[in-house]
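Every chain is numbered from 1, with letters handed out A, B, ... down the list of sequences.
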2 protein chains.
Amino acid sequence: MERMSLKQQQQRLREDVILQAVNSLLAEKGYDLMTVDGVAAVVGIAKASLYKHFESKERLAAAAMVRLLDRTLEIIESQAASAAPLDKLTSIVRWAVREHLRGQMPALPSTRSALREALIAHKPYVDRLIRVTEHLGGWIEAAQHEGAINPRLSGEVVLYTVFARACDPVSDFLKLSGAYSDEEIVELIAETCFSGLATRPS
Amino acid sequence: MERMSLKQQQQRLREDVILQAVNSLLAEKGYDLMTVDGVAAVVGIAKASLYKHFESKERLAAAAMVRLLDRTLEIIESQAASAAPLDKLTSIVRWAVREHLRGQMPALPSTRSALREALIAHKPYVDRLIRVTEHLGGWIEAAQHEGAINPRLSGEVVLYTVFARACDPVSDFLKLSGAYSDEEIVELIAETCFSGLATRPS
DNA sequence: GTCTATAAACCGATAGAC
DNA sequence: GTCTATCGGTTTATAGAC
């Protein structure tokens with residue numbers, strides 16, 4: 001029994017190393033340009049060995065996305081319940097941009113990606129996505145109720161906009177320019193997201 | 001001489017049909033997923049015939065991007081000189097989102113794309129990109145000078161943010177939801193871009 | 001479980017006939 | 001210029017030895 005558990009733990013650890021590599025490659029090149037050979041090379045094992053752990057490239061990417069959503073849920077649930085909803089939403093955006101700059105944020109599954117269809121058919125992924133959406137949706141509603149978020153925007157629009165900031169190419173271009181530290185970029189994305197480009201009357 | 005000109009016009013027309021198909025496929029699947037076979041199939045000619053017009057897939061995509069920037073310059077130069085800089089910038093964002101929703105806006109050449117390197121080495125592309133950047137940069141500076149755009153944001157940040165809205169996945173998801181007309185989506189993206197998600201004190 | 005070797009499919013690009 | 005046919009390379013996925 002204990003032997004079994006140890007072996008399972010080892011396998012779990014190995015698969016976690018694999019998924020970290022997948023997340024990194026997914027962020028670097030996206031699903032289509034990521035090759036299974038490349039993943040195997042980064043992990044340091046043969047491609048055929050990878051297929052003993054994950055039955056297909058799609059499942060491999062799905063497992064990496066599930067891992068990302070699990071980490072997202074951790075961050076969400078670590079927010080102080082007493083904090084203002086708008087502050088909690090801002091914290092999530094900051095965390096997501098930080099992950100993006102670290103090269104650990106896979107690109108959003110585009111509406112026209114082949115991966116997207118596989119993901120929405122993968123229950124573990126959808127379950128977690130629903131949980132993330134419900135958490136953020138609740139915060140958005142609360143923020144609008146207390147007048148902190150523009151009530152003329154539907155919750156849907158706010159939610160998608162928050163999601164999209166996690167993969168905003170603006171952070172890549174700002175990083176490429178070399179004129180900003182990572183934390184400055186995080187602040188700039190958060191500020192333009194919530195306050196916009198136009199001047200705010202103070 | 002006239003025969004020559006007519007033939008050239010015909011070729012020009014044919015190549016424009018090709019580039020429109022490329023722009024559409026570039027918007028639909030991105031550079032890597034776009035196949036030369038697919039382009040030929042949409043146009044209705046054989047792949048080998050395509051290579052008589054464009055020497056490589058990269059050049060094909062580059063020509064399509066040049067065509068896009070030429071249309072962008074047309075829109076930019078059609079703006080009334082007397083209009084407020086912020087209004088002109090908003091008009092460009094609206095036009096770009098509209099093109100995106102029509103499926104005619106190729107994805108931004110990512111910082112890590114193979115296409116990007118080919119593009120920055122392609123002078124006709126770079127020349128037009130510089131002209132677009134100079135126009136928009138002038139408007140941004142003017143808008144900040146008259147207090148319409150947040151002066152704490154560098155021109156670089158504003159410029160990249162405006163560019164990025166052209167390919168914002170938020171518009172795709174809103175379209176997918178079916179709850180909004182195209183023009184409503186255009187307004188929502190423009191409003192969140194310039195005014196942000198948070199409430200504005202009026 | 002890990003490896004090497006390979007199958008099957010696809011893609012970019014070219015050859016050569018018309 | 002357009003076509004068919006094909007080359008060379010890559011990719012996902014599998015077979016079989018250890």
Audit row: B/Gln144, B/Asn150, side-chain hydrogen bond (donor to acceptor under 3.5 Å, both in side chains) steps and yes/no: CA-CA 7 Å; B/Gln144 284 182 317; B/Asn150 187 348; over 6 Å; no

On the ring face of A/Tyr31, is A/Lys57 found with NZ or CZ under 6.0 Å from the centre and within 45° of the axis? yes

Check whether any side-chain nitrogen or oxygen of A/Ser49 sits under 4.0 Å from OP1 or OP2 of C/dG1, and answer yes or no. no

Just how far, in rounded Å, is P of D/dC3 from CG of B/Asp37? 13 Å

What is the distance from NE2 of B/His53 to C1' of C/dT14, rounded to the nearest Å? 16 Å

To the nearest angstrom, the CD-P distance between A/Gln10 and C/dT2 comes to 11 Å

Out of D/dT2, D/dA15, D/dT12, which nucleotide sits closest to the side chain of A/Ala48? D/dA15

On DNA chain D, compare the nucleotides closest to A/Thr35 and A/Lys52; which residue's is nearer the 5' end? A/Thr35

For A/Ile45 and C/dC3, what is the distance between atoms CD1 and C1' respectively, to the nearest whole Å? 11 Å

Please pick, from D/dC3, D/dA13, C/dC3, the nucleotide with the shortest atom-to-atom distance to any side-chain atom of A/Lys47. D/dA13

Tell me the interatomic distance from A/Glu55, atom CD, to D/dT12, atom C1', rounded to whole angstroms. 14 Å

Whole-Å distance separating the CE atom of A/Met34 from the C1' atom of D/dA13: 14 Å

Could you work out which one of C/dC3, C/dG1, C/dT2 sits closest to the side chain of A/Ala46? C/dC3

What's the CG-C1' distance between A/Leu33 and D/dT12, to the nearest Å? 15 Å

Taking OP1 and OP2 of C/dG12, is either one under 4.0 Å from a side-chain nitrogen or oxygen of B/Arg59? no

How close or far is atom P of D/dT10 from atom CG of A/Asp32, stated in whole angstroms? 18 Å

Which listed nucleotide (D/dG1, D/dT2, C/dA13) is nearest to the side chain of B/Lys57? C/dA13

When you measure from the side chain of A/Ser195 to the backbone of A/Thr192, do you find a donor-acceptor pair of N or O atoms at a distance under 3.5 Å? no

Check the side chains of A/Asp172 and A/His100 for a donor-acceptor pair under 3.5 angstrom, ignoring hydrogens and angles. yes

A/Ser154 versus B/Tyr180, side-chain donor and acceptor atoms under 3.5 Å: yes

Among the nucleotides C/dT14, D/dG1, D/dT12, whichever has the atom closest to the side chain of B/Tyr51 is C/dT14

